[in-house]
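Below, chain A is the first sequence line, B the second, and so on; all start at residue 1. Note that the structure is predicted; figures quoted are calculated from it, not measured.
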Amino acid sequence: MKGSANGMRALRGGASRYSIFALARNALSYHENWQKAWRSPEPKPEYDVIIVGGGGHGLATAYYLASVHGIRNIAVVEKGWVGGGNTGRNTTIIRSNYLWDESAGIYEHALKLWEGMSQELNFNVMFSQRGVLTLAHSEHELKEMRRRVEAIRLNGIDSEVMSPAQIKQLVPIIDTNPGIRYPVMGGFIQRRGGTARHDAVAWGYARAADDLGVDIIQNCEVTGILRDGGKVTGIETNRGTIKAKKVGVVTAGHSGVVASMAGLNLPIDSRPLQALVSEPIKPCIDTVVMSNAVHMYISQSDKGELVFGAGVDSYNSYSQRGSIPTVEGLLAAAVELYPIVSRLRVLRTWGGIVDTCPDASPIISKTPVDGLYFNCGWGTGGFKATPGSGHVFADLIARDEPNAIAAPFSLKRFETGYLIDEHGAAGVAH
Amino acid sequence: MADLETLTTRTALDPMDIVIGGPSDAGVTLTEIPFQTRLVLRGLPSDKKFTAAVKGALGVEPPSKPGTVTSSKTARVLWTAPNEWMVYSDDTGLAATLTKAVAGLHAAVTEVTEHYTLIRLSGRHARDVMIKGCAIDLHPREFGPGQCVQSHLGRITVLFDQTDETPSYHILVRASFAEYLWMYLEDAGLEFGVRIEAAG
Amino acid sequence: MSGQSFRIRDKGRIDRSKPVRFTFDGKSYEGFEGDTLASALIANGVHLIGRSFKYHRPRGILAAGSEEPNALIQLGGGNKSEPNLRATQIEIFDGLEAASQNRWPCLKFDVGAVNSVFHRLFPAGFYYKTFMWPASLWLKYEHVIRHAAGLGKAPPDRDPDRYEKVHAHADVLIVGGGPAGLAAALAAGKTGARVILADETADWGGSLLSESDCEIDGKEPARWVEESVAELEAMPEVTLVKRCTITGYYDHNYLTGLERVSDHLGAAPEHTPRQRLWKIRAKRVVLATGALERPLVFTDNDRPGVMLSSAVRTYVNRYGVLPGRKTVIFTNNDDAYRTALALEDAHGRVAAIVDVRTSVTGPLADAVRAKGITVYENHGIVSVQGTQKVTSVEVMQLDANGTGVTGTAKSVNCDLIAMSGGWNPTVHLFSQSKGKLTWDTEMAAFIPGTASQALASTGACNGTMGLADSLKEGLKLGAEAAREAGHKGRAPAAPKATEPEQGGLRPLWITPGKAKLGRKGKHFVDFQNDVTAADVQLAAREGYRSVEHLKRYTTTGMGTDQGKTSNVNALAILSDVLASDIPAVGTTTFRPPYTPATIGAYTGRNVGKLFEPVRKTRIDEWARANGAKFEHVGQWMRAWYFPKQGETFRQAIDREVKAVRDGCGILDASTLGKIDIQGPDAAEFLNRIYTNAWLKLGVGRCRYGLMLKEDGMVMDDGVTTCIGENHYHMTTTTGGAANVLSWLEEWHQTEWPDLKVFFSSVTEQWSVVAINGPKSRAVLQKLCEDVDFSAEAFPFMAMKEGTVAGIPARLYRISFTGELSFEINVPARYGLALWEALMEAGKEFDITPYGTETMHVLRAEKGFIIVGQETDGTVNPLDLGMDWIVSKKKPDFVGKRSLERESMASPDRKQLVGLLTEDPQTVLPEGGHVVEKLKPEPPMEMLGHVTSSYYSPNCGRSIAMALIKGGHARHGQTLHVPLEDKVVKVTVTEPRFFDLEGERIDG
Amino acid sequence: MLHITCPWCGPRDDNEFHYGGEAHILRPAAPEKLSDGEWAEYLFLKQNAKGPFLERWSHSAGCRQWFNVVRNTATDEIIEIYPMGELPKSPEGIKAYEGNWRRQSAAEKNAKAGVSGT
Ligand SMILES: Cc1cc2nc3c(=O)[nH]c(=O)nc-3n(C[C@H](O)[C@H](O)[C@H](O)COP(=O)(O)OP(=O)(O)OC[C@H]3O[C@@H](n4cnc5c(N)ncnc54)[C@H](O)[C@@H]3O)c2cc1C
Ligand SMILES: NC(=O)c1ccc[n+]([C@@H]2O[C@H](COP(=O)([O-])OP(=O)(O)OC[C@H]3O[C@@H](n4cnc5c(N)ncnc54)[C@H](O)[C@@H]3O)[C@@H](O)[C@H]2O)c1
Ligand SMILES: Cc1cc2nc3c(=O)[nH]c(=O)nc-3n(C[C@H](O)[C@H](O)[C@H](O)COP(=O)(O)O)c2cc1C
Ligand SMILES: [Zn+2]
């Protein structure tokens, strides 16, 4: 589906398209005639498929169910506002340079979809392939890096090794003095990686899904999963019972809570992951830079804030806060590598609840309950997977069978032991 | 063949070439106390035989109250866990004595004299230096001589106790972290003035 | 009073005897000590201070405190330069250099202001709707967007200043030193409680310093403040911290504060920090953070010269400057009338009061009218003239429901508009603490509801707006907090306070203009981010109906002021569109920090050499003096190799590696983790933790052990020795030491508490020197008389105590090289002496110091694994071909059951093999991947990767180990390692390359 | 920053502690009797409760002792602290303990068959 130049054409389902011309036209009427990006319908009594969770993954799933599989009687139920979970609070790093083949498979699938997303959704998600650079700070890390780079290359994914001098050129604010505690000894970059405007991803999918008839129902919290025998029959919500033939749960940090409504247990811990932004400043870093050894990563948004993140907090919590030492550690590391940030100021800190799996890989799976599917466990790094995850999850729900990309991520792996352990291998999982 | 006494010994901080001296009105003084005998004592405080045996060897029972210190002429005993104490002494043969005393009991003595070094931080601003990097409440209402604590100081973990009202703190630090701690304390003391003293 | 033509002769708390010179945009001005940059600029008649984010509209000063959205400044130059500071908070000092931001080429003529011309193309969220076609152009558009991003600039290089952190504990922490906070501190302090009182400004007294029309106990308020502060200063347990913003309220009454210790001095005295981060744990917290005045939302309400009414009063009374000579007051409440009176009192003229209320009565209105000031009731400002400074306004009557205007416009000349839209209690910290807010209809504001931590709110931040009530409440809550923290005492009697009586307000969230909203002029809601009332309505129309969507779609409240002046207006306007209650719409989440806080302060002194500890052994100094190259291994610095002059890396390693096998080499192995294990159940414990059998190890004997995680994957390895009855000495990998000790403790305490065993770390107790090679015995024998070194008396895997070079030592005959080898452990203080003695004794045998690289080559020649190199948490012992160490007999050990899953022995797993390159001189890169079916281009299927690879001078060729799929069954196969520039052909072998029979172990 | 009261050392900041996850996961006494699925229950499945949650902490920077905590993971409020090897006494803690699915799991039954106490 290609964008159209004249901006007059409708979206697939009939909503009018966004374009510079539409903008100019609406300017003449003082922007009073814009349509709703998506409707706010009342829930119907029954749907073919209900997606629980209106984050990026859930909305993308609904969109692909409608656009690829032609299922139109779909609802996305969201307990708060769409994109209000981790989709709306992540540091937006997108890359596909993972070590294991299975991971490379799904993240690269996603990255390809990112590359056409704004056009497909007719919503500028500001996907920006500014490159994601990962640093190595010791001989050991250089070797680990080599391993990853080779694997990524042989998987047919772009990846370039960089010397400290090249890194300095690309990221002038980095301290490449070899005498510092964690000297920059090298790095590798995925140039196709980058960032996107996280909120826009939720909105874009919501608008496009709505356009195809998907009901997006906000302020609707799922409180129970209805089953008959071993089969799902619907959901209980704070707005009443809604029947469904199939239910796909995509609730990230709350997956354990929803699973227990169906009598299931997941191998997932919900932990706070924190991030923060500085005040906006004039552009000073154009690449996303991650560093394992010092546990921090940085990028600069299109508005000018420096966006910082670090590792996950140590204890389970649903409070979306997290502990201050994590922030102190992250910022000390930031100053160590980027001395100029010392005099800048933290504008806002926040936390999200991430769903971490023992092997740091996601779950895209059928469950012991017929017609009930889970997509979760993306932990600290699922934003980048949003389109790919939605795409294969829709496929799983539609066909009741995982495709080749999704198959390795089944729940069964915890029983068989065929884990996809991205811990030891990948380190920072963003 | 060399004789033990004539061999060069190196303390954890010797490689830093620390210069003794500094302003006489310094707000804090720093001293390394390197080779005092230090033993980890393990045992069950509920075992009367054990506490008696320890008392026999050290002249004092190991404290049962968390975070407290008992002392005798021979030794100071710091509570570090419900079944663990740190023993300081000038008696280089104490490990053997104590091991013998608790033999046959469910107890253990481990020599850790070199595993650690001890840094004394003293002076009217010693508390101000400590609280820069330590989250323990060291206000006199809460902490004083006879009390000890294990916690973070800067980015490392230490065991310290207060030895007088000056105040003075005896900070036990793992030898490989001692350089860091020393630099950290010296830097923290700059605003108050720092004098380095030799162990006396 | 050169140039300060707006200075009021007899008002203000500035020190007129201390003139201060500063520059703004290169031009020099004078102010007085006690001025903020804002007040000093006002004194000099400067009102154009900055440009807005999106439209580059000219902006002036809105407020007098930390809520300022407009007057943002780049302060100072070079590495001390700091962006986005609020002029309203900068205390001036001699030589201060300030510059405006976000404009080019200069503030008055800013090219970016063309955005303002095309503003109609840029409604909220416009970028989501465009720049999509053609796709490839987005990067170019984005480049332009990015270029325009940001406000100020980061400094060019490293921060020269010092930052401190301090931990503090309080019975009662009081935030805010206005009347309520001071009262709370007095009451709490009197009980003897440990009190901390913090205020973000440079002066105690809060709003009291801005008032001239009230009294406390018959005294001027400033007097009462002085006396109260003096009283507090005399209390030994009360700590007063000025210039300290409490930035965050975290779990369990943990708060952070940022103290600006020496910013106001220009330069910090030596060793004095610029700023200090306070980390405070308080038993009770009393919030007394006051209230922030709301702007009114009317046409072009952002022009320089439009100011908050209370700010005008502050400038007049506290700083003695006149923000305008002729003022129009625009208000919906009585408080602004105090401003009118204050202005009159200071010889400023009030041209008119425009009040949206339909009828205004009461003492303040009477007083104003008595001065002859016109009050336009039920009126609104419908237009503002003057772009870079207000010149006049037009005023019209409101219609019946306040949504439109009627009649004719009256023009009023003025150079200042003082506006007041009511007050928002500063509930930020309360809300951060997870307290629930409630809506107060009378105030039309959110006030604290149910608290969820040990805190109380008092004064204006609690919605208690009167002075007398604030004092009384402060005293009460201060005493209460102290009592709850365990102190005895009652609240002192409240002082008598008088102030003008005030009536109610009329919340009118949008003042209608002459045209429909959004058609002529702009009604700004968020000044910094250029969000207008029309944008808010547009977002709601488009379906962004949650307040959180509104925020993210329009960026309301996302600026450096975090919406202190805009959020409530925005959500009220939203609720109006949604026809919903304001409380049902709710607020966005309040997050730390309250005002932006310096990154350097969070970092403190953890920079440079104090960033993280570097651990060194006692032999490190010898290695350093002898030219070793080092590598980081975890936190440790280890000697990597010892190049001789002119040697390359490879030459040095080849030499070291050969020297060990031919003669003798010496390695500092002190970093290995060491754990002393004692107790009658020690053997049983080891038996459960390790995969192999441990119940029958004799005294003086050593055994290699492998530890698994419960999932069956290799976790650590090392040699453990029985050094006495029920007494073991365990060694671990360098990086694994701390983990292993915690692992043992955890299993013991949580799973097998019945086992009698104790663990203690002794890593640094011992300096460890490994001496390897056929001649090592001869070297040792020279230094050691009390040990029989014969192979029979001192066999492989045995330990003996003895004296080496006069030093009491434990000698372990263990080997990581396959050579005859001893690891000599001595008390750490003698480590260097031992090393030097060995070097001396070894001279005649050409003893060669070597580092970690040579160690790695030597062990690889023998096929010994390194945990963390051959393993990565996904490798089990069977994969490594180490079935021999996994007991089949033991009923259980950690990880056993997991190994029994079918997948763990699957022939398809990645298994450890050796690889020999076709060309013996080619050394594979570690991390290279092995493929079976070579393709001209990626992607191609990978079998696994090279884990270790070296040139082995002893084998005369390169050697490598790899983990590859089904590796154990592939011995003899030819495979390929495709690299970027070439493909290396390899043959799969056993992962062992040298001394296959193990003949060298006895020397 | 949570304030956690070590049963021995008293209240300390959370960064002095090491988090040990869910409490009362009994180690099966006869693992060989369990199916792979049942073993996975013990090894990988989490309770991950939102609300009162029984968990383990160790005072790693202090006395290195392990203990149990009842914490509300929705609010981070600490409800109860109790020693290793004992059961919670607070109503919230008891309810959380009794409601835990593990009580019915095969791994738990296997563990109980062999040992008692913890
Ligand atoms: C601070 C932070 C930084 C991160 N950085 C990155 C990064 O740089 N790159 C990256 O790739 N990933 C990153 N991530 C991870 C990424 O954000 C997530 O993996 C991803 O967004 C998950 O998307 P989702 O749609 O599955 O979940 P969410 O966006 O969390 O959506 C789940 C939705 O389910 C809803 N829900 C929950 N329970 C119920 C219920 N009972 N009924 C109805 N609805 C319910 C929630 O309200 C929520 O909206 C980060 C995460 C955080 C917190
Ligand atoms: N007319 C009105 O409606 C109105 C409005 C506001 C205040 N008042 C008057 O204010 C008085 C109430 O005084 P009060 O003490 O409640 O408020 P206050 O405004 O006098 O004092 C609040 C103090 O808190 C400080 N502060 C705010 N946030 C802080 C933070 N995060 N960290 C550190 N300091 C912080 C401010 O700098 C200020 O000094 C009464 O006299 C009342 O009449 C009246
Ligand atoms: C990439 C990114 C950029 C952000 N930039 C800003 C910003 O400029 N200003 C701001 O106030 N918050 C910014 N935020 C933080 C959000 O305001 C918000 O705190 C975050 O999405 C979490 O939501 P919550 O705080 O409402 O829980 C940003 C967040 C992200 C993920
Ligand atoms: Zn403790």
Sort [X] into side chain, backbone, both or neither according to what part of it lies under 4.5 angstrom from a heavy atom of chain C.
X	result
B/Leu181	neither
B/Glu191	both
B/Val40	side chain
B/Arg38	neither
B/Thr11	backbone
B/Ala12	both
B/Glu142	side chain
B/Ile156	side chain

(request) Dump the intermediate steps for side chain to side chain contact (heavy atoms under 4.5 Å, CB included) on C/Met730 and C/Phe759, then the final yes or no. (result) CA-CA 10 Å; C/Met730 175 186 276; C/Phe759 317 96; over 6 Å; no
(request) For a side chain to side chain donor-acceptor pair (under 3.5 Å) with B/Asp161, tell me which candidate from B/Arg76, B/His170, B/Gln147 qualifies. (result) B/Arg76
(request) May I ask you to establish whether C/Arg829 and B/Phe35 are in a cation-pi arrangement, using a distance under 6.0 Å from NZ or CZ to the six-membered ring centre and at most 45° from the ring axis? (result) yes
(message) I'd like to know whether the aromatic ring centres of B/Phe143 and B/Phe160 sit less than 6.0 Å apart in this structure.
(response) yes
(request) Please flag which part of C/Glu270 lies under 4.5 Å from any non-hydrogen atom of chain B: side chain, backbone, both or neither. (result) neither
(message) Under a 4.5 Å cutoff for heavy-atom pairs, which residue among C/Gln678, C/Glu612, C/Glu725 has the most contacts with chain B?
(response) C/Gln678
(message) For the interface with chain C, which of B/His106, B/Met130, B/Arg174, B/Arg155 has the highest count of heavy-atom pairs at distances below 4.5 Å?
(response) B/His106
